[in-house]
Amino acid sequence: MMKRAKRVNKKTIQKKSLKYLIILSLILIILGIPSYIWTKKNVSTLAGRYNSPMAPIIMIPGSSASADRFDDLVKTINKRYGEHHSLLKLTVQTNGKITYKGSIRANDDSPFIVVGFINNKDGYDNIKKQAKWFNTAFDQLKERYRFNTFNAFGHSNGGLIWTYFLEHYFDDTSINIDSLLTVGSPYNFEEKNSSNRTQMLNDFIKSKAKLPSNLTYYSIAGTQLYTDDGIVPIGSVDAGKYIYEGVIKRYTLITLTGSKAQHSDMIANNQFISIFHQYIIGNKLNNTNDKSNKKSQEDTR
C-alpha cells in the first residue's frame, strides 16, 4: 500500500510539475511576443535606413519666422541650378502636435524640410522649448522617411536651436548629420565682446562634448559695417568657435559683405546661395561656372 501511495504521490508531483512548466512556458511565450515584434520592427527600420538613398536638408527659421520663411530660397535654388527639390513644411504647436504642408516627391533624394514653431519668440528659454519641439518633429521625420543621413540649415536663432538639439537630444547612432550651415546665429546674443558671456553661451560651451564629432559646420556672419549685420554683432556669431572648434571635424567662419549682407536679407544674397548650394546640397559646382561668384567678397577663417 505504501509503495502504491508513493507512486500516486510521484505521479501527482509529476503532473503538477508539468502543469507549472506549461504555465511558465506560456508566460515566457506571451512575454516574448512583444519583444520579438519590437526587435523585428527595429531591425526592419534599421535596414530601411541603411538602404535609404534620401539625405534631406532640414531647415529651422529664426525667431518671428514661420515655416514659410525659406519658400523663395527653395524656388531660387531650383530655378538657378535646374533642380527639382521637394519642399515639406512642418509647424509644431506648443502641445507638440504637428501640422504638415507640402510633400516629398517620390525618388527625391535631397528634399527640403522646414520645421517652424507656433511659438517662434526670441529668448533662451524659448530656444530650449523650440529645441524640444524640434526633437518631436525630428522623431516623426526619421520614423516616416527612414533616412540615415541629413544636412542642416539654421537662420539666426535657428542655429541656436540646432546647437541645443545636437547637444541635448541627438543621440541616434543610426543617423548621421553630415554638414550644418547657419547664417547670423547669435551665440552670445547682442554681446559684442566674447569676454562677456551670456548664460546661453556658457551652457553651450559646457555641453559641447555631446556634439557629433564627425560634423562639418559652416557659420556665416553678415557685416554691414564690419561690426554687425544690422542686428547681430559679428563677435556674437564668431563666439560659436568656443562651442564647436576642437570638438567637431571642421568649423569654418565665413563673412559676407556688400549687397544683402543684412541679417534678414542674407538668405537672398547671391554669395550665400552659392555657398549653400555647394556645401549643403553638395553638388560642389565649380565656382567659375557660377556667375554669382564673380563678385565674391568671401572671407573664410
Side-chain angles (χ1 to χ4, degrees), residues 59-63 65 122-124 126-128 130-131 151-168 177 179-276 278-280 296-301:
M59 311 163 79
I60 305 179
S63 60
D122 200 358
Y124 185 32
N126 264 346
I127 286 163
K128 288 187 279 188
Q130 289 155 359
N151 292 298
F153 172 67
H155 179 234
S156 192
N157 280 6
L160 308 182
I161 296 167
W162 270 118
T163 302
Y164 196 91
F165 166 76
L166 292 174
E167 289 187 344
H168 294 274
I177 175 171
S179 298
L180 168 65
L181 174 68
T182 63
V183 174
S185 291
Y187 287 103
N188 207 23
F189 283 138
E190 293 85 13
E191 287 288 345
K192 297 179 181 178
N193 189 344
S194 58
S195 298
N196 300 324
R197 295 182 177 178
T198 61
Q199 182 63 51
M200 180 182 69
L201 178 56
N202 281 327
D203 288 349
F204 280 154
I205 292 170
K206 285 177 185 176
S207 299
K208 66 181 183 178
K210 299 175 184 177
L211 290 167
S213 60
N214 61 341
L215 175 66
T216 295
Y217 175 32
Y218 304 96
S219 176
I220 298 179
T223 56
Q224 207 171 19
L225 296 171
Y226 296 95
T227 56
D228 57 53
D229 61 12
I231 296 178
V232 177
I234 190 172
S236 183
V237 178
D238 187 39
K241 67 187 177 186
Y242 300 116
I243 306 164
Y244 286 93
E245 271 189 347
V247 179
I248 63 171
K249 183 167 69 176
R250 185 179 298 112
Y251 167 85
T252 304
L253 176 69
I254 300 169
T255 58
L256 295 183
T257 62
S259 176
K260 293 185 178 178
Q262 293 81 15
H263 186 76
S264 298
D265 296 337
M266 276 192 289
I267 60 173
N269 182 298
N270 281 332
Q271 296 169 244
F272 161 75
I273 292 170
S274 298
I275 293 166
F276 181 95
Q278 182 175 356
Y279 294 119
I280 294 300
S296 177
Q297 298 179 45
E298 177 183 326
D299 171 31
T300 306
R301 286 192 282 168

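Scope of the values below: all heavy atoms of this structure, side chains included, with no hydrogens, waters or symmetry mates.
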For this session: Evaluate side-chain contact (heavy atoms from CB on, under 4.5 Å) for Thr252 paired with Tyr279, printing each intermediate quantity in order.
Result: CA-CA 12 Å; Thr252 304; Tyr279 294 119; over 6 Å; no
Over all heavy atoms of both residues, which pair between [X] and [Y] is shortest? Give the atoms and the distance, please.
X      : Y      : answer
Val237 : Ser219 : CG1-OG, 3.4 Å
Ile177 : Pro212 : CG2-CG, 3.8 Å
Glu167 : Lys210 : O-CD, 2.9 Å
Asn157 : Ser63  : ND2-CB, 3.7 Å
Ser185 : Ser156 : OG-O, 2.8 Å
Ala209 : Val247 : CA-CG1, 4.4 Å

Using modelled atom types and a 3.5 Å cut-off, is there a donor and acceptor pairing between side-chain atoms of [X] and backbone atoms of [Y]?
X      : Y      : answer
Thr255 : Ile220 : no
His263 : Val183 : no
Asn151 : Ile280 : yes

Measure the spacing between [atom1] of [X] and [atom2] of [Y] and express it to the nearest 0.5 Å.
X      : Y      : atom1 : atom2 : answer
Leu160 : Ile60  : CG    : CD1   : 10.0 Å
Ile161 : Asn126 : CD1   : CG    : 9.0 Å
Leu256 : Asn270 : CG    : CG    : 10.5 Å
Met266 : Ile273 : CE    : CD1   : 13.0 Å
Lys208 : Tyr242 : NZ    : OH    : 10.5 Å
Ile248 : Leu211 : CD1   : CG    : 7.5 Å

Exercise. What ring-ring contact (aromatic ring centres under 6.0 Å, His included) pairs are there with at least one residue in residues 189-217, not counting sequence neighbours?
Worked result: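 Matches after skipping sequence neighbours: Tyr217-Tyr244, Tyr217-Tyr251.
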For this session: List in chain and number order the residues that pass side-chain hydrogen bond (donor to acceptor under 3.5 Å, both in side chains) with Asn193, two or more places apart in sequence or in another chain; answer none if no residue qualifies.
Result: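 For Asn193, the residues satisfying side-chain hydrogen bond (donor to acceptor under 3.5 Å, both in side chains) (neighbours in sequence not counted) are Ser195.
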For this session: Answer yes or no: is there a side-chain heavy-atom contact under 4.5 Å between Lys241 and Leu253?
Result: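 No, every pair of side-chain atoms sits at 4.5 Å or beyond.
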Under the side-chain contact (heavy atoms from CB on, under 4.5 Å) test, which residues partner [X], sequence neighbours left out?
X      : value
Pro233 : Lys192, Ser236
Lys128 : Tyr124, Asp125, Tyr164
Thr216 : Ser179, Tyr218, Lys249, Arg250
Asn202 : Arg197

For this session: Could you check Tyr187 against Ile205 for side-chain contact (heavy atoms from CB on, under 4.5 Å), going step by step and ending with a plain yes or no?
Result: CA-CA 10 Å; Tyr187 287 103; Ile205 292 170; over 6 Å; no
Problem set entry | Over 12 foreign heavy atoms within 6.0 Å of CD, Glu245 |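 Yes, because the 6.0 Å sphere around CD of Glu245 holds more than 12 heavy atoms from other groups.
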